[in-house]
Amino acid sequence: MRFGYPCINLTIKNQHPSTFRLKSYSEKRFTETVENNLKHLLSILNFNKRNDIYFFRISSDVIPFASHPICDVDWSEVFKVELKEIGNFISKNNIRVSMHPDQFVILNSKSEDIVKNSIKELQYHCKLLDSMMLPSSAKIQIHVGGVYGDKSKAKKDFINNFNKLLEEGLKRRIVIENDDRSYSLQDCLDINLETGVPIVFDTFHHTCLNNGETFQQALSSFAKSWNYPTDGNPIIDYSSQSIGERKGKHAQTLDKSHFICMYKEFKNAIIEGHADLDIMLEIKDKEKSALLALKMIKGL
DNA sequence: GGCCGTCAAGACGAT
DNA sequence: ATCGTCTTGACGGCC
């Protein structure tokens with residue numbers, strides 16, 4: 001079981017991906033930023049390895065404006081050597097990486113332009129992972145999208161667009177995540193049946209929106225959406241409620257007793273045909289909570 | 001060197 | 001109608 005955290009490391013100062021405003025775009029600015037971001041990515045991966053963290057979500061900001069028309073630099077060629085070096089480090093150390101494009105990726109949008117731009121954004125993520133020579137277990141995680149007042153139609157639109165509009169290489173990397181107010185685990189399972197797309201099981205979202213299944217039933221059904229070993233270990237997003245805040249808001253730091261309780265559930269789950277689960281800790285204080293989680297598990 | 005309005009992009013619920 | 005949230009806060013103009 002690997003444990004990971006998303007995108008930035010707060011311990012290593014000024015070593016996380018930076019971006020800039022569209023109006024300050026220049027080839028020089030772009031190239032310098034990417035060069036730095038790649039260097040920082042490698043140093044975060046080194047930090048993680050030293051601390052036994054073998055799962056990491058790579059920031060979508062590594063290549064700023066990658067899917068924007070303004071970007072005409074052939075970055076995968078310019079940074080071929082660096083990208084391959086990072087990929088080698090990841091593969092050599094058996095690290096799992098994933099990416100999570102932001103909310104603007106809507107594959108089932110009613111607007112053709114939004115779908116088109118979403119695909120461009122996904123292609124960028126895919127190209128980055130491809131350039132690192134990573135296998136299809138390096139996933140790109142997205143939400144299903146909008147509901148538009150008719151969920152069954154919206155699901156069909158997702159299924160059709162996924163099946164018809166995406167290249168095979170891209171399809172193999174995509175995974176969908178259950179969310180906290182529109183698409184439950186069961187909705188994702190319905191989509192999985194028609195597309196084969198694996199499901200990232202977000203346990204926190206599941207407590208906000210579910211269909212009354214037991215936790216063990218949920219774990220077992222989500223894991224079946226993954227093909228092992230081509231998809232890698234099934235991925236879980238873990239978080240807990242930020243106390244005293246609006247329902248659905250992620251915790252600032254790891255809730256120790258809640259985490260241990262969930263960890264035991266993960267351990268008890270019989271994941272048929274799979275080696276293990278990989279757990280992404282979606283906690284605001286990032287590596288701090290990841291390190292704490294590892295320490296607590298060792299103490300069990 | 002710190003403050004804070006704003007940032008490429010969507011959807012949705014709360015106010 | 002506008003704001004906050006999801007997401008990865010943080011860029012950068014201004015004082």
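All values below were derived from every heavy atom in this structure, side-chain atoms included, with hydrogens, water molecules and symmetry-related copies excluded. Residue numbers start from 1 in every chain, and the chains themselves are labelled A, B, ... in the order their sequence lines are given, proteins ahead of strands. Worth saying up front: this structure is predicted, and the values here are computed from it rather than measured.
Looking at A:Asn233 and A:Asp278, their side chains do bring a donor and an acceptor atom within 3.5 Å of each other. Judged by distance alone, the side chains of A:Glu167 and A:Gln123 do bring a donor and an acceptor atom under 3.5 Å apart.
Closest contact between the side chain of A:Arg21 and the listed nucleotides B:dA11, B:dA8, B:dC12 involves B:dA8. Closest to the A:Glu282 side chain, of the nucleotides C:dT8, C:dT5, C:dG12, is C:dT8. Nearest to the side-chain atoms of A:Thr19 among the listed nucleotides C:dC11, B:dA11, B:dA8 stands C:dC11. When each of B:dC12, C:dC11, C:dT8 is scored by its nearest atom to the side-chain atoms of A:Ser18, the top-ranked nucleotide is C:dC11. Residue A:Leu22 has its side chain nearest to B:dA8 when only B:dA8, B:dC12, C:dT8 are considered. Side chain of A:Glu121, nearest nucleotide from C:dC11, B:dA11, B:dA8: B:dA8. Closest approach to the A:Phe20 side chain among B:dC12, C:dC11, C:dT7 is made by C:dC11 (side chain taken as heavy atoms from C-beta onward).
Here A:Phe104 counts as stacked on B:dA9: its ring centre is under 5.5 angstrom from the base ring centre and the planes meet at under 30°.
Heavy atoms of A:Asn117 sit nowhere under 4.0 angstrom from any nucleic acid atom. Heavy atoms of A:Val147 sit under 4.0 angstrom from primed sugar atoms or phosphate atoms, though from no base atom. Among the heavy atoms of the strands lying under 4.0 Å from A:Arg181 is at least one base atom, whether or not backbone atoms are also near. A:Phe65 comes within contact range of at least one nucleobase, with a heavy-atom separation under 4.0 Å.
OP1 or OP2 of C:dG9 has at least one side-chain nitrogen or oxygen of A:Lys284 nearer than 4.0 Å. Phosphate proximity of C:dC11 to A:Arg29: absent, as no side-chain N or O sits under 4.0 Å from OP1 or OP2. Side-chain nitrogen and oxygen atoms of A:Ser118 include none within less than 4.0 Å of the OP1 or OP2 phosphate oxygen of B:dG10. Listed pair A:Ser111 / B:dG10 fails the phosphate criterion, with no side-chain N or O lying under 4.0 Å from OP1 or OP2.
The distance between atom CD1 of A:Ile114 and atom P of B:dA9, rounded to the nearest whole Å, is 11 Å. A:Met280 has its CE atom 16 Å from the C1' atom of C:dC6, to the nearest Å. We find that CG of A:Asp285 is positioned 14 Å from C1' of C:dT8, with the value rounded to whole Å. Taking atom CZ on A:Phe204 and atom C1' on C:dT7, their separation rounds to 14 Å, with Å as the unit. Between the CZ atom of A:Arg57 and the C1' atom of C:dT8 there is a distance of 9 Å, rounded to whole Å.
Evaluation of the salt bridge (charged side-chain N to carboxylate O under 4.0 Å, His left out) test over residues 48-57 of chain A, restricted to residues two or more places apart or in two chains, returns A:Asp52-A:Lys298, A:Arg57-A:Asp237, A:Arg57-A:Glu282.
Sequence order on DNA chain C of the closest nucleotides to A:Lys23 and A:Pro6 puts A:Pro6 first from the 5' end.
C:dG4 and B:dC4 have their P atoms separated by 16 Å, with the value rounded to a whole Å. Across the P atoms, C:dT2 and B:dT6 are found 14 Å apart, a figure rounded to whole Å. Look at the C1' atom in both B:dG2 and C:dT8: the space between them is 23 Å, to the nearest Å. Between C:dG12 and B:dA9, the two P atoms lie 16 Å apart (nearest whole Å). Remark: the separation of the P atoms in B:dG5 and C:dC3 is 12 Å, to the nearest Å. Separating the P atom of B:dA8 from that of C:dG13 is a span of 12 Å, rounded to the nearest Å. When the P atom is compared between C:dA1 and B:dC7, the two are found 22 Å apart, to the nearest whole Å.
Between atom CZ of residue A:Phe56 and atom CD1 of residue A:Ile95 there is a gap of 10.0 Å, rounded to the nearest 0.5 Å. Distance check, rounded to the nearest 0.5 Å: OG1 of A:Thr207 to CG of A:Asp180 gives 9.0 Å.
Base pairing annotation: B:dG5 forms a Watson-Crick or G-U wobble pair with C:dC11, both donor-acceptor distances under 3.5 Å. Pair check for B:dG13 finds C:dC3; Watson-Crick or G-U wobble, both atom distances under 3.5 Å.
Taking the six-membered ring where the residue is Trp, A:Tyr124 and A:Trp75 present perpendicular rings, their angle passing 60° and hence far from 30°. Classification of the A:His205-A:His143 ring pair by plane angle, with boundaries at 30° and 60°, yields tilted.
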